[in-house]
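Encoded as structure tokens, here's the structure I'll be asking about.
On a predicted model such as this, the values are computed, not experimentally measured, just so you know. Positions are given from 1 along the sequence.
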Amino acid sequence: MVLDPDRLTVIFRYCAIIGTAIFFIKIFLPIDSGSEVGGDFNSADYSDSSFNFFTVEGVSAFFMTMGWIGWYSIVKMHYDIAFCTIISLLSGVISMGLFTYLITQFRKLEHNPKVTLKELEGKKGRSYMNFTPKGIGKIQIEFNSKLDILDAKNNSDEFIKAFEPIKVVKIEDNEIYIEKDV
């Protein structure tokens with residue numbers, strides 16, 4: 001009989017222990033799956049505010065909460081078996097939903113600006129190496145909220161020495177064209 005109190009206590013205890021172990025392993029020791037974010041969170045693009053209810057962490061939170069609430073309500077509170085089962089299942093669903101909601105809210109705090117090269121037009125930086133007239137080289141400029149070294153072409157007929165100030169004059173075919181900034 002499934003509703004035997006002793007058997008149900010053992011089921012709740014195993015759900016609690018296994019769910020807790022998996023939850024803490026996944027939270028504190030993320031398994032690298034080859035993406036930027038370890039664990040289960042690579043299943044969706046979190047740049048949008050998608051709401052993924054069924055992740056390993058969410059399901060383990062369900063079993064962890066369901067197990068501990070069910071075990072406690074039977075062993076310590078001596079509630080009726082049917083009532084214990086209902087409140088343990090409801091608390092498991094609530095914890096899974098709460099965990100998923102919190103992760104979704106944390107993902108909204110990430111700063112991933114979508115920057116294109118077009119936004120560099122008119123910005124100032126400095127040459128990172130010597131540029132011959134109409135030559136190719138590298139520049140140092142603030143891009144995507146950090147100082148970056150990018151490939152560029154000299155748009156003028158004058159020589160630009162390394163570390164001289166430059167200005168981005170145009171972006172064409174994903175190529176940066178610069179001139180000496182005076």
Q) In chain order, what residues pass the salt bridge (charged side-chain N to carboxylate O under 4.0 Å, His left out) check against D181, with sequence neighbours excluded? A)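 Result, salt bridge (charged side-chain N to carboxylate O under 4.0 Å, His left out) vs D181: K124.
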(Q) Can you list everything that forms a salt bridge (charged side-chain N to carboxylate O under 4.0 Å, His left out) with K180? Sequence neighbours excluded, please. (A)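 By the salt bridge (charged side-chain N to carboxylate O under 4.0 Å, His left out) rule, K180 matches E158, E164.
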(Q) Could you work out, with salt bridge (charged side-chain N to carboxylate O under 4.0 Å, His left out) as the rule, every residue matching K76, not counting sequence neighbours? (A)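 Partners of K76 by the salt bridge (charged side-chain N to carboxylate O under 4.0 Å, His left out) criterion come out as none, since no residue qualifies.
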Q | F63 CZ: over 12 foreign heavy atoms closer than 6.0 Å | A |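 Counting neighbours around CZ of F63, 12 or fewer heavy atoms of other residues, nucleotides or ligands fall under 6.0 Å, so no.
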(Q) Would a single hydrophobic cluster contain both M66 and I86, if residues Ile, Leu, Val, Met, Phe, Trp and Tyr are joined by side-chain heavy-atom contacts under 4.5 Å? (A)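 No; M66 is not reachable from I86 via cluster members.
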Q: Report the residues that fulfil side chain to side chain donor-acceptor pair (under 3.5 Å) with S156, sequence neighbours left out, ordered by chain and then residue number.
A: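 Partners of S156 under the side chain to side chain donor-acceptor pair (under 3.5 Å) test: N154.
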Q: Not counting sequence neighbours, which residues clear ring pair (Phe, Tyr, Trp, His ring centres under 6.0 Å) with F24? List them please.
A: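 Checked F24 against ring pair (Phe, Tyr, Trp, His ring centres under 6.0 Å); matches are F28.
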Q.
Taking ring pair (Phe, Tyr, Trp, His ring centres under 6.0 Å) as the cut-off, I'd like each qualifying pair that reaches into residues 73-93, sequence neighbours left out, listed once.
A.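 Ring pair (Phe, Tyr, Trp, His ring centres under 6.0 Å) check on residues 73-93 returns Y79-F83.
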Q) Short question: side chain of K167, backbone of K123 - any donor-acceptor pair under 3.5 Å? A)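 No; judged by distance alone, with no hydrogens or angles, the pair does not exist.
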(Q) What I'd like to find out is whether the side chain of L120 reaches to under 4.5 Å of the side chain of L150, using heavy atoms alone. (A)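 Yes. Closest side-chain heavy atoms under 4.5 Å.
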Q: Output the distance between atom CD1 (I17) and atom CZ (F12), rounded to the nearest 0.5 Å.
A: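 I17 CD1 to F12 CZ: 13.5 Å, rounded to 0.5 Å.
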Q: Scan residues 159-182 for pairs that pass ring pair (Phe, Tyr, Trp, His ring centres under 6.0 Å), counting only residues two or more places apart or in two chains.
A: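 Not a single pair qualifies under ring pair (Phe, Tyr, Trp, His ring centres under 6.0 Å).
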Sequence neighbours left out, cut at 3.5 Å: what donor-acceptor pairs do the side chains of residues 89-96 make with other protein atoms?
from: S91; atom 1: OG; to: I87; atom 2: O; distance (Å): 3.0
from: S91; atom 1: OG; to: S88; atom 2: O; distance (Å): 2.9
from: S95; atom 1: OG; to: A61; atom 2: O; distance (Å): 3.2
from: S95; atom 1: OG; to: T65; atom 2: OG1; distance (Å): 3.0
from: S95; atom 1: OG; to: S91; atom 2: O; distance (Å): 3.4
from: S95; atom 1: OG; to: G92; atom 2: O; distance (Å): 2.9

Q. Could you give all pairs that pass the salt bridge (charged side-chain N to carboxylate O under 4.0 Å, His left out) test and reach residues 139-156, with sequence neighbours left out?
A.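 Pairs touching residues 139-156 that pass the test: K138-D151, K153-E175.
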**Q.** Sole candidate of I160, N155, I176 that passes side chain to side chain contact (heavy atoms under 4.5 Å, CB included) when paired with I166
**A.**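 So the option named by the test is I160.
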Q | Smallest separation among heavy atoms of T9 and W71, with atom names | A |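 Heavy atoms of T9 and W71 come nearest at CG2-CD1, 3.7 Å.
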Q | side chain to side chain donor-acceptor pair (under 3.5 Å) involving W68 - partner list, sequence neighbours excluded | A |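 Side chain to side chain donor-acceptor pair (under 3.5 Å) list for W68, sorted by chain: T20.
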Q: Please write out which residues are connected to M129 in a hydrophobic cluster, directly or through intermediates, given that two of Ile, Leu, Val, Met, Phe, Trp, Tyr count as joined at side-chain heavy-atom separations below 4.5 angstrom.
A: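 Members besides M129: none; it forms no cluster.
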Q: Could you check E57 against I103 for side-chain contact (heavy atoms from CB on, under 4.5 Å), going step by step and ending with a plain yes or no?
A: CA-CA 10 Å; E57 292 87 350; I103 291 299; over 6 Å; no
Q: Quick one: pull up CD1 in I171 and CD1 in I178 and give me the separation to the nearest 0.5 Å.
A: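 It comes to 10.5 Å.
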(Q) So, using ring pair (Phe, Tyr, Trp, His ring centres under 6.0 Å) as the criterion, who are the partners of Y128 when residues are at least two apart? (A)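 Result, ring pair (Phe, Tyr, Trp, His ring centres under 6.0 Å) vs Y128: none returned.
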Q: Report the distance from atom OG of S127 to atom CD1 of I141, rounding to the nearest 0.5 Å.
A: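 Answer for the OG-CD1 pair, S127 versus I141, is 11.5 Å.
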Q) Going through the checks in order, is the side-chain contact (heavy atoms from CB on, under 4.5 Å) test met by I11 and R7? A) CA-CA 6 Å; I11 290 171; R7 184 177 287 172; 4.1 Å; yes
Q) Between atom NZ of K118 and atom CG of N174, what is the distance when rounded to the nearest 0.5 Å? A)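 Result: 9.5 Å between the selected atoms.
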(Q) Do F143 and I149 sit in one hydrophobic cluster, given that two such residues count as connected whenever their side-chain heavy atoms are within less than 4.5 Å of each other, even indirectly? (A)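 In one cluster: no.
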**Q.** Shortest non-hydrogen contact from C84 toward I74
**A.**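 Result for this residue pair: SG-CG1, 3.4 Å.
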